[in-house]
Amino acid sequence: MGREIKAYDEDQQWVQEVAGGNQQAFSAIVKKYERMIAKVAMGMLGNSPDADDVGQETFIRFYRSIGQFKGDSSLGTYLSRIAINLSLNELKKRKSKQWLSFEDKFNSHPKTEDAFKQSDTAELVNKALEKLETEFRSVVVLRLMQGFSTKETAQILKLPLGTVLSRLSRAQEKLRVIIIDLEK
Amino acid sequence: MEDLKKLLLRSFDDELNIAEKQRLEKALGESPELRDEQAAIESMRKMFGKVSPEFEAGFSKRVMQKVETINPKTSLLIYSIFKRVALSGAAAIIAMLISIYYTDGSLSLDALYGLYEYAPDEAAVSFFNL
């Protein structure tokens, strides 16, 4: 608990400094939360340049609207909410434009394969997420990959807790089947 | 068995009540299949938790390069000015409506355009001459 309070105070301090024009403080925030946002963006969008764009846009939007961050939630939760919303918008755009599938994007940008293809496990997770519907993917990314509590996940997605719990159960059922299938 | 599997799934993320916990524990003690399912789900969850994808090298540098062109103070100033202008505009419209209602006792279109003294044909001519 003590560590959490200290981390919160540190974030609040940095946010105040950024609002005052200190870009080094903002750089510290980006470095601290880069991996967290990578998990969200790449979990939702797969290994693609779109994920990198969403990641960048997440921090830029935060920077532009720094005055609106009141500290009601943790900075990680706040940034994850921005990242999830941008990722969901990107997925909607893909659907409406009938973009290339995840798999095709993966293959069409060979230089980005390395980022996700750290191991067979990572590749399996990526492929499993790809097969999951958006509403299930988001809860899996936040709860299982990111480690947010179910309550935090519900806050980020602005969903009732019951809906999140139900989607998590359903998502795990589906993932079991998908993974067994992929491992064959 | 299906409802036990659902209970098992719920146990990972939700608070089970005492009766549900006892039921699940009893079932896990009696069913190797359910225990295997529990182990498989635990393993799957760990797998997802371990994965840590990364952006391509230089991500924070790319963000900072874009950010250098933005001044948060300017953005804050524009936002606060816009907010004041919007609120002032809304206040002016409300004041105007209150004034019209106080003067004419109505917020009809005629009252708003000030054409209620005219016959319909005169009102139309006046309106199009505005």
Side-chain angles (χ1 to χ4, degrees), chain A residues 18-21 23 26-27 30-31 34-35 37-39 41-43 47 49 51-52 55-60 63-68 111-112 114-116 118-119 121-122 124-126 128-129 140-141 143-147 149-150 153 161-162 164-165 168-170 172-173 175-176 179-180, chain B residues 1-17 20 24 33-34 36-84:
Chain A
V18 173
Q23 290 196 356
F26 186 71
S27 176
V30 174
K31 284 180 181 147
E34 179 185 334
R35 280 205 164 186
I37 300 307
K39 276 192 187 183
M42 294 179 82
N47 179 24
D52 194 281
Q56 289 185 49
E57 186 60 25
T58 297
F59 288 105
I60 288 160
Y63 186 80
R64 282 186 193 275
S65 61
I66 194 105
Q68 292 173 35
K111 72 173 182 178
T112 60
D114 295 336
F116 219 120
Q118 295 152 1
S119 64
T121 304
L124 181 62
V125 164
N126 188 28
L129 283 170
V140 167
V141 165
R143 174 77 178 125
L144 301 190
M145 284 179 72
Q146 200 62 277
S149 68
T150 47
T153 302
L161 182 60
V164 167
L165 292 169
L168 267 170
S169 285
R170 192 79 189 95
Q172 286 173 104
E173 269 182 294
L175 282 172
R176 288 276 293 122
I179 287 169
I180 289 167
Chain B
M1 186 61 165
E2 277 309 307
D3 61 326
L4 283 169
K5 283 187 181 174
K6 286 193 192 301
L7 194 60
L8 174 65
L9 276 168
R10 273 188 52 216
S11 70
F12 286 97
D13 298 299
D14 196 3
E15 284 279 339
L16 300 183
N17 62 39
E20 286 171 328
L24 183 60
E33 188 193 341
L34 197 63
D36 287 345
E37 185 68 14
Q38 184 187 44
I41 295 169
E42 275 170 356
S43 169
M44 181 182 75
R45 288 172 70 100
K46 266 190 198 152
M47 181 175 71
F48 274 81
K50 268 193 213 164
V51 165
S52 187
E54 292 176 13
F55 291 126
E56 278 195 56
F59 175 82
S60 57
K61 197 175 169 185
R62 291 196 291 282
V63 171
M64 293 313 295
Q65 278 170 351
K66 287 188 180 174
V67 150
E68 269 159 24
T69 61
I70 305 165
N71 183 339
K73 280 187 178 169
T74 306
S75 300
L76 272 172
L77 181 65
I78 290 169
Y79 173 72
S80 89
I81 290 173
F82 175 76
K83 211 164 84 168
R84 286 174 201 203

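In the displayed structure, A/Arg176 atom CZ is contacted under 6.0 Å by more than 12 heavy atoms of other residues, nucleotides or ligands. In B/Glu33, the CD atom is not crowded: 12 or fewer heavy atoms of neighbouring residues, nucleotides or ligands sit closer than 6.0 Å.
Rounded to the nearest 0.5 angstrom, A/Asp52 CG and B/Glu56 CD are separated by 6.5 Å. The line from CD of A/Gln56 to CE of B/Met64 is 12.0 Å long, rounded to the nearest 0.5 Å. Atom CZ of A/Arg170 is separated from atom NZ of B/Lys6 by 7.0 Å, given to the nearest 0.5 angstrom.
Within the 4.5 angstrom heavy-atom criterion, only side-chain atoms of B/Met44, from C-beta onward, approach chain A. With a 4.5 angstrom heavy-atom cutoff, A/Val140 touches chain B only via side-chain atoms. Interface remark: A/Leu161 contributes no atoms to any contact with chain B (heavy atom separation under 4.5 Å).
Between A/Glu34 and B/Phe55, the shortest heavy-atom distance links the atoms O-CE1, 3.7 Å. Nearest heavy atoms, A/Gly55 versus B/Phe59: C-CZ, 3.4 Å. When every heavy atom of A/Lys31 is checked against every heavy atom of B/Ser60, the shortest pair comes out as CE-OG, 4.0 Å. Residue A/Met145 comes nearest to B/Val51 through the heavy atom pair CE-CG1, 4.2 Å, listed as atom of the first residue, atom of the second, then distance. Annotation for A/Ala38 and B/Glu54: closest pair CB-CA, 4.2 Å, computed over non-hydrogen atoms.
Judged as a side-chain contact (heavy atoms from CB on, under 4.5 Å), and not counting sequence neighbours, the contacts of B/Asp13 are A/Arg143, A/Thr150, A/Leu165, A/Leu168, A/Gln172, B/Arg45. Among residues two or more places apart in sequence or in another chain, the side-chain contact (heavy atoms from CB on, under 4.5 Å) test is passed with B/Glu20 by B/Leu7, B/Arg10, B/Leu16, B/Asn17.
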message: Show, in sequence, the C-alpha distance, side-chain angles and deciding distance for B/Lys5 and A/Glu173, and conclude whether the salt bridge (Lys or Arg N to Asp or Glu O under 4.0 Å) test is met.
response: CA-CA 9 Å; B/Lys5 283 187 181 174; A/Glu173 269 182 294; over 6 Å; no
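Considering only heavy atoms from C-beta on, B/Val63 stays 4.5 Å or farther from A/Tyr63 through its side chain.
For the options A/Val30, A/Val141, A/Leu144, heavy-atom pairs under 4.5 Å to chain B are most numerous at A/Leu144.
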